[in-house]
Amino acid sequence: MTVNLDHPMPDGAHLRPQTNARRTALDLSGVWLVRLGDRDWSRGLPGGIPVGVPGSWNDQLPGARDDLGPAWYERRFEAPPLTARQEAAIRFGSACYAAEAWLNGRRLGGHEGGHLPFALDCTDALRAGENVLVVRVVGQIGRDRVPPGLVPSEHTHGRVFHPDVPFDFFPYAGLHRRVELVVTPRDGIRDLRLRTTGAPDGAVLEVAAETSGEGALTLALDGQPVTPPHHVAWDDLWSPASPRLHTLTAELHQRGELADRYVLRCGIRTVEVSGQELHLNGRPIQLRGFGRHEDFPVLGRGAHPALATRDLLLMRQLGANSFRTAHYPCDEETLDIADQLGLLVIAETPAVGLYFDGQDLPRRQELALRFLAELVARDRNRASVIAWSVANEPRMNHPAAAAMLGELCDSARALDGTRPVGYATDLPDAAGLESADIIFLNSYPGWYRHPGRLDEAASALGGTLDRLGRSWRKPVVLTEFGADAIPGGHADPPAMWTEEYQEALLERLLEEAGRHENVVGTHIWAFADFATAQADHRPLSLNFKGVFTRDRRPKLAARRLAELWAGRAVEEVLHRERRRAERDRLRPEPAELDRRPGERVPQRVAPGGLADRRQQPAAEQQASPAAQDDPLRAEQVDQVADADA
Ligand code: BDP
C-alpha cells in the first residue's frame, strides 16, 4: 500500500466553504460507490457498491469491519460552468487516514491525516457536464503515521488490541465528513484571522485579512462598517452564560465591483491563564464536562449534525459547559453548535499514542507538527475553542519525550498566541509539563489503580493534585477520570462495572477535585460509550465509561451529574446578575432621568422573578434556579436552542 501525497499544507482550506453572491459550495455528500481492494481505478470504479458519505466503511459494508483499505470511492456530479475569474477545488472535511483524488482521470493531489480538512484544486479538471470524482482512501495503521499503529509493546500501555493500535478507540476509516465542490474567485479573500485582547470594559477585536489580487477590503460587524482594532462592549462578549455571536462580513471590491465576500459568525472573548486560574473575559472560570469521541453505531466516525446536536444539547442540559475533542479534532459543524450553545472546547490534535523511539520518530514528529498547524488554521477563529491539546498520553517516560513535546507546545504558541497550550498526560511526574501553560491530567484512581476502593481512589487523586500544585504554578484540568459501567449493570453496595459504581466514583472524585485550588476543570471520561478495537478488557469491543450509552441513553450517573452541576451553572448566572446589579447601581435608570413630577415609578422585578427571567437571554434561563427542579426537563433544551435567537 503506497500513499503518494504532495500537499503537505493544503491551500484554500483555511476559509470554510460557503455559498453567497461570489462563492459556491456544492455538497457532494450522499450515496457514493465504493470498492475495497487496490487497482488503478482512478478513471472510474467498475462494480462499486453503495456507501454513505459521510461515514466509515467498517460498519456499513458487510464483513469489512477490520478491513482498513485501501478503498476506492466514486461520485458523479454535474457542475456549473466556471468563468475565467473563478477557480474550483474539492474540499474534504476528513479522509481517514489518507487520501488521493482524481477528477475525470486527472490526479488532483492527496492528503495525509484524518479529522482535518484539505482542498485540492480542480479548476483545470472540472467539466461543465458530468464529472467523475474518484478517491482512494487508506486506513492502514503503521509506525510512520500519527496516530501510530503496530507500536512495540514497550511503548504502549501494555494492552493488546486487534487491530493493533496503541489507543483505545476503533481505527475507523473512510470519508468521515462532508466533501464539497468549492468555487471561489481567483482573486479574492484567502484568510481572515481574528484576535481579541482584553480591555477594561470589554475587549478589542483585530482582524488580519489575506487577499490575492488588487482591491479594497471592507469589514462590517453586524452590518456596521468597522475599521479594526474595534472595541467590543462587555455585554457583547461571548461566554457560556451569554453565547453572543456576531456577523463579520468581509467584502473585496475591485474596479468598483464586488469581487469577493465572506461572512463569518464569530464570538468575541478572551481566554488566558493567570497564576493557577483560567480566565474567560478576565474572570476565573471552571470547566465542567466530558471527553467526547465521534462514534455512533453504523456511522462509525462519520459526522452527522443530528448526533452532534443531540450530544451538545445533552451536555448543556446536564449543566456541563465544556468538552475535549478526544483524541482528534472534531467536525466543524460540532464547533458551530458549541459556538452557539456557549460550550468551551479543548481542541486536541490527532496525536494520540505518540512514542519517542525508533527510526520513524522524525516522521511522526513532522506529522504531529503539521496536523497541529492544520488544526490551528481551521479553528483559530472559534470562540468556543479555548485551549489546544497537542497530544494525548504521549509516552513521556523516554529521554527524548520532553524536548519533542516542548517543540509541539512552542509551535502551538507560535501559531496562535491567544490560547493556553497543553497535552493530556497520564504521567504527571515525568518531564514535559514545563512546556505546558495548563496541565491536562488523565487519571484513573478507582479503576486501573485502587480498583473498587472509593476512599483510596479519592485520596490518591488528592495526592496527585497536591503534588502538581506544589510543583507547578499552573492550573490543572482533570481531563480524564471515570469507570466503565455496563448499561443495566447494578449492585448494592456499588461494584465495578455497575452504574452505581460509576455514579459513586464520579461523585467522589468530583468532590475531591473541588477541594483543590489549582483545579480549573473536570472532564469526565467519557460522554458516551464508544467502539474500541478488540481486547480482553473491552467487553463487546466497547469502552463503557460513557455517562450515556453508545445510543445516548442516560446511565444513573447522568441524573446525578445534572444535580451536582445545576448549582454550579446557577453560580455563573448569579455572577452575571451581580455584575448587572452593580452596573444598575452606578448608572441612573433612564426612566428616572426623564420622569415628570408625579409620574409612577416603574417597578423593578427582583432577579430570578418571572418578569426578569423572561427578559434574560435564553442560555441564562436554562441554568436559572427554577430550572433546577428537573434538570433533564425537555423544555430546557428548547430554551438553549433559542439562545442565539
Ligand atoms: C485513557 C485514554 C483514553 C482511554 C481511557 C480508558 O486517554 O483514550 O479510553 O484511558 O482506558 O488512558 O478508558
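Residues: numbered from 1 along the sequence shown. Order of listing sets the numbers, starting from 1, for every ligand and every atom in it.
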Handout entry: Check: F169 ring centre within less than 6.0 Å of Y328 ring centre
Key = yes

Practice task
Measure from the ring center of F371 to the ring center of H115 and say whether it is less than 6.0 Å.
Solution key: no

Handout entry: Pair N392-N442, side-chain donor/acceptor within less than 3.5 Å
Key = yes

Fill in the blank from the handout: Here the atoms of ligand 1 under 4.0 Å from any heavy atom belonging to K545 are 6 (C), 11 (O), 13 (O)

Problem - Proximal ligand 1 atoms for F530, defined as those under 4.0 Å from one of its heavy atoms - result: 9 (O)

Completion exercise
Note: heavy atom closest to atom 12 (O) of ligand 1, options E480, H537, E393, belongs to E393

Practice task
Work out whether the distance between some heavy atom of F169 and some atom of ligand 1 is less than 4.0 Å.
Solution key: no

Exercise for the section: Give a yes/no on ligand 1: does N442 have at least one heavy atom closer than 4.0 angstrom to it? Expected result: yes

Handout entry: is_close_aromatic(Y423, W388), centroid dist under 6.0 Å
Key = no

Completion exercise
ligand 1 atoms nearer than 4.0 angstrom to some heavy atom of H327 are 3 (C), 7 (O), 8 (O)

Practice task
Could you verify whether a donor N or O on one side chain and an acceptor N or O on the other, from Y444 and E480, lie under 3.5 Å apart?
Solution key: yes

Problem - Per-atom contacts, ligand 1 versus N392 - under 4.0 Å to a heavy atom - result: 7 (O)

Problem - Test of proximity, H157 against ligand 1: N or O pairs below 3.5 Å - result: no

Handout entry: Electrostatic pair R453:D455 at N-O distance under 4.0 angstrom
Key = no

Exercise for the section: Within a distance under 4.0 Å of any heavy atom of Y448, pick out the atoms of ligand 1 and give their elements. Expected result: 6 (C), 11 (O), 13 (O)

Completion exercise
So the atoms of ligand 1 within less than 4.0 Å of a heavy atom of N543 turn out to be 6 (C), 9 (O), 13 (O)

Exercise for the section: Answer with yes or no whether H293 contacts ligand 1, where contact means a heavy atom under 4.0 Å from a ligand atom. Expected result: no

Handout entry: F323/F290 aromatic ring centres below 6.0 Å
Key = no

Practice task
Examine ligand 1 and decide if any of its atoms is less than 4.0 Å from a heavy atom belonging to F167.
Solution key: no

Practice task
Verify the distance criterion only: is there a donor paired with an acceptor across the side chains of H516 and Q276 at less than 3.5 Å?
Solution key: no

Handout entry: Ring-ring centroid check F161 H537, cutoff 6.0 Å
Key = yes

Give the table of side-chain donor-acceptor pairs shorter than 3.5 Å for residues 305-313, with sequence neighbours excluded, one pair per line with atom names and distance.
from, atom 1, to, atom 2, distance (Å)
T309, OG1, P305, O, 2.6
D311, OD1, R552, NE, 2.9
D311, OD2, R292, NE, 2.8
D311, OD2, R292, NH2, 3.1
D311, OD2, R552, NH2, 2.8

Handout entry: ligand 1 versus V352: contacting region, heavy-atom distance under 4.0 Å
Key = neither

Exercise for the section: With heavy atoms of R538 as the reference, note each atom of ligand 1 found under 4.0 Å away. Expected result: 6 (C), 11 (O), 13 (O)

Practice task
Note the single closest protein heavy atom to atom 4 (C) of ligand 1, along with its residue, its atom name and the distance in Å.
Solution key: D168 OD2, 3.2 Å

